[in-house]
Amino acid sequence: MGEIPRDNFEARLVDAPLAARGFFESVIEHFDKRNSVKLHFTDTNSGDLRLALPGEVLGQRRLRNFATMYWQTSKHVVFARTFLSPDELGLFGILDSTETASSEPLNSEVQMGSEVWRYGALTFIRALEAAHFAFLSKHENN
């Protein structure tokens with residue numbers, strides 16, 4: 001993982017509520033040791049977290065993201081894009097997501113307020129697991 005993008009991601013969280021920082025820590029901790037998931041950070045949006053399939057899992061050289069997320073400091077929300085559709089996210093109780101533009105490789109985006117980042121980290125992790133498996137299934141067949 002690049003140190004500068006990760007540092008920028010963490011800098012965005014410095015003034016975030018403890019529960020919001022814990023939300024990201026829970027996601028990172030859950031996926032960090034998995035062989036089929038690569039956590040990485042970019043400087044997009046002044047620092048974001050991405051969950052990807054490693055290229056070797058797909059027989060490719062590059063990572064393929066199935067989720068991205070970052071802390072929106074001005075709105076105090078977690079902004080996320082996932083491979084799941086808004087309807088699929090709704091099955092996990094993650095409401096108010098919208099479909100992304102057709103040019104976007106991920107299918108939905110959502111701004112999650114304190115009710116999710118305070119109490120819903122495990123639910124969102126389950127949704128991310130579903131996005132991971134759906135993405136893997138789609139790309140294994142291609």
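Side chains included, hydrogens not; waters and symmetry mates left out as well; all remaining heavy atoms used.
Ring planes of Phe135 and Phe83: perpendicular class, angle over 60° (limits at 30 and 60°).
Thr82 places no side-chain N or O within 3.5 Å of a backbone atom of Ser108 that could act as its donor or acceptor partner. Remark: the backbone N or O of Leu122 is not paired with any side-chain donor or acceptor of His30 at under 3.5 angstrom. Counting only distance, with no hydrogens or angles, the side chain of Arg12 and the backbone of Trp71 share a donor-acceptor pair below 3.5 Å.
Glu10 has a carboxylate O that lies under 4.0 Å from a charged side-chain N of Arg6, or vice versa, which qualifies the two as a salt bridge. Ion pairing of Arg50 with Asp48 is present here, as a side-chain N (NZ or NE/NH1/NH2) and a carboxylate O approach within less than 4.0 Å.
Remark: Ser97 OG to Asp87 CG distance equals 8.0 Å, nearest 0.5 Å.
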| request: Let me see the working for Leu106 and Thr68 under side-chain contact (heavy atoms from CB on, under 4.5 Å), right down to the final yes or no. | output: CA-CA 9 Å; Leu106 300 176; Thr68 66; 4.1 Å; yes
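A continuous path of Ile, Leu, Val, Met, Phe, Trp and Tyr side chains, each step under 4.5 Å between heavy atoms, connects Ile28 with Leu13, placing both in one hydrophobic cluster. Cluster annotation: Val116 and Phe92 are assigned to the same hydrophobic cluster (Ile/Leu/Val/Met/Phe/Trp/Tyr, side-chain heavy-atom contacts under 4.5 Å, transitive). Residues Leu53 and Leu39 share a single hydrophobic cluster, defined by chaining ILVMFWY side chains whose heavy atoms lie under 4.5 Å apart. Linking Ile, Leu, Val, Met, Phe, Trp and Tyr whenever their side-chain heavy atoms come within less than 4.5 Å leaves Leu63 and Phe41 in two separate clusters.
Looking only at side-chain heavy atoms (C-beta outward), Ile125 and Val27 come within less than 4.5 Å of each other. In this structure, the side chains of Glu109 and Glu104 stay at 4.5 Å or more apart for every pair of heavy atoms.
The two residues Ala67 and Leu128 come nearest to each other via the heavy atoms CB-CD2, 3.5 Å.
Remark: aromatic rings of Tyr70 and Phe24 are distant, center separation not under 6.0 Å. Residues His76 and Trp117 keep their aromatic ring centres 6.0 Å or farther apart.
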